[in-house]
Asker: 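Sharing a structure with you now.
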Amino acid sequence: GSEIIERIKHEANLEIEIITGKFEAEVVYANHVVENLDNNSSYLYVDVGGGSTELTLFSRGKWVTSKSFNIGTIRLLYNKIDKEYWQSFKAWIRENTKNYQPVIAIGSGGNINKIFKMLKKKESKPLNYENLRELHDNLQMLSYEERISQLGLSPDRADVIVPAAKIFMTIMKHATIDKIIVP
């Protein structure tokens with residue numbers, strides 16, 4: 001990270017600050033995302049990126065817990081997540097959501113937005129697990145090139161959309177989440 005920051009500063013004259021996943025979760029909370037939610041429900045805010053996934057649990061309008069995992073689309077694409085870490089990810093999700101059922105997911109990031117558009121969902125309608133799984137299975141059957149040529153995905157989306165769907169499905173499965181809201 002520090003090498004990349006120095007290179008950006010040197011080549012583009014831009015100051016960059018790397019923040020922790022915990023700080024990112026605090027920023028999400030400070031943006032008042034919970035103010036527009038049902039105060040009697042529980043929500044798991046899911047932000048899937050290339051290198052990490054941030055999870056923040058809200059219940060009854062209050063922050064409960066959050067954690068950042070080094071599980072992202074690029075890491076998954078290149079098999080850079082060891083089995084034990086993947087298992088601890090799933091265990092954390094189960095353990096931290098079990099007392100807050102039912103939980104609704106809130107998805108964040110370019111991949112979930114693209115998935116939402118590909119499924120032609122209306123903005124007011126949540127995406128359910130089964131639709132996500134079917135799209136994942138269909139995308140996985142296509143090659144990278146076919147995802148670009150047949151589906152019109154950009155090259156930087158065509159490679160990571162399958163791992164992104166897998167991460168979202170894993171979270172939904174282990175938190176017993178049936179639907180995900182995509183703002």
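This is a predicted model, so every value here is computed, not measured. Counting begins at 1 with the first residue of the sequence.
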Asker: Return a table of donor-acceptor pairs under 3.5 angstrom between the side chains of residues 176-183 and protein atoms on other chains or two or more places apart.
Answerer:
none

Asker: Indicate yes or no: at least one non-hydrogen side-chain atom of T73 is less than 4.5 angstrom from one of V48.
Answerer: yes

Asker: So, using side chain to side chain contact (heavy atoms under 4.5 Å, CB included) as the criterion, who are the partners of Q150 when residues are at least two apart?
Answerer: L142, E146

Asker: Restricting to side-chain hydrogen bond (donor to acceptor under 3.5 Å, both in side chains), what partner residues turn up for K125, sequence neighbours left out?
Answerer: none

Asker: Sequence neighbours excluded, which residues qualify as side-chain hydrogen bond (donor to acceptor under 3.5 Å, both in side chains) partners of E11?
Answerer: R7

Asker: Is it the case that the side chain of Q101 and the backbone of A175 share a donor-acceptor pair, with hydrogens and angles ignored and the cut-off at 3.5 Å?
Answerer: yes

Asker: Verify the neighbour count for atom CD1 of I4: are there more than 12 heavy atoms of other residues, nucleotides or ligands below 6.0 Å?
Answerer: no

Asker: Are side-chain N/O atoms of E54 and S52 paired as donor and acceptor at under 3.5 Å?
Answerer: yes

Asker: What distance do K114 atom NZ and L135 atom CG have between them, rounded to the nearest 0.5 Å?
Answerer: 11.0 Å

Asker: What residues, two or more places apart in sequence or in another chain, satisfy side chain to side chain contact (heavy atoms under 4.5 Å, CB included) together with N138?
Answerer: M141

Asker: Please answer: with hydrophobic residues joined when any side-chain heavy atoms are less than 4.5 Å apart, are L139 and L77 in the same cluster?
Answerer: no

Asker: What pairs meet the salt bridge (Lys or Arg N to Asp or Glu O under 4.0 Å) rule with one or both residues in residues 81-95, with sequence neighbours excluded?
Answerer: E95-K98

Asker: Would you compute the distance between atom CG of N70 and atom NZ of K80 and round it to the nearest 0.5 angstrom?
Answerer: 13.5 Å

Asker: For the hydrophobic clusters of this structure (ILVMFWY residues joined by side-chain heavy atoms under 4.5 Å, transitively), does one cluster hold both I74 and V46?
Answerer: no

Asker: Is it true that a side-chain atom of T65 and a backbone atom of L57 form a donor plus acceptor pair closer than 3.5 Å?
Answerer: no

Asker: For residues 152-173, which side-chain N or O atoms pair as donor and acceptor with protein atoms under 3.5 Å away, sequence neighbours left out?
Answerer:
| from | atom 1 | to | atom 2 | distance (Å) |
| --- | --- | --- | --- | --- |
| S154 | OG | D156 | OD1 | 2.6 |
| S154 | OG | R157 | N | 3.4 |
| R157 | NH1 | N111 | OD1 | 3.0 |
| T170 | OG1 | K166 | O | 2.8 |

Asker: Could you tell me which non-hydrogen atom of I71 sits nearest to which non-hydrogen atom of I81, and how far apart they are?
Answerer: CG2-CD1, 3.7 Å

Asker: So which pairs with a foot in residues 90-112 pass ring pair (Phe, Tyr, Trp, His ring centres under 6.0 Å), sequence neighbours left out?
Answerer: F69-W92

Asker: I want to check something: taking the side chain as every heavy atom from C-beta on, are N96 and L44 in contact at a cut-off of under 4.5 Å?
Answerer: no

Asker: CZ/R60 to OG/S41 distance, rounded to the nearest 0.5 angstrom?
Answerer: 8.5 Å

Asker: Shortest non-hydrogen contact from W63 to F58?
Answerer: CA-CD2, 3.7 Å

Asker: Report the hydrophobic cluster partners of Y144, with the cluster defined as I, L, V, M, F, W, Y residues connected by side-chain heavy atoms closer than 4.5 angstrom, directly or transitively.
Answerer: I148

Asker: Name all residues meeting the side-chain hydrogen bond (donor to acceptor under 3.5 Å, both in side chains) criterion together with D137; count only those two or more places apart in sequence or in a different chain, and write none if there are none.
Answerer: R133

Asker: What's the separation between atom CG in N113 and atom NZ in K117, rounded to the nearest 0.5 Å?
Answerer: 6.0 Å

Asker: Drop me the distance from I8's CD1 to I16's CD1, to the nearest 0.5 angstrom.
Answerer: 4.5 Å

Asker: According to side chain to side chain contact (heavy atoms under 4.5 Å, CB included), who are the partners of S149, at least two apart in sequence or on a separate chain?
Answerer: none

Asker: Going by the rule side-chain hydrogen bond (donor to acceptor under 3.5 Å, both in side chains), which residues pair with E3 if we only count those two or more places apart in sequence or in a different chain?
Answerer: none

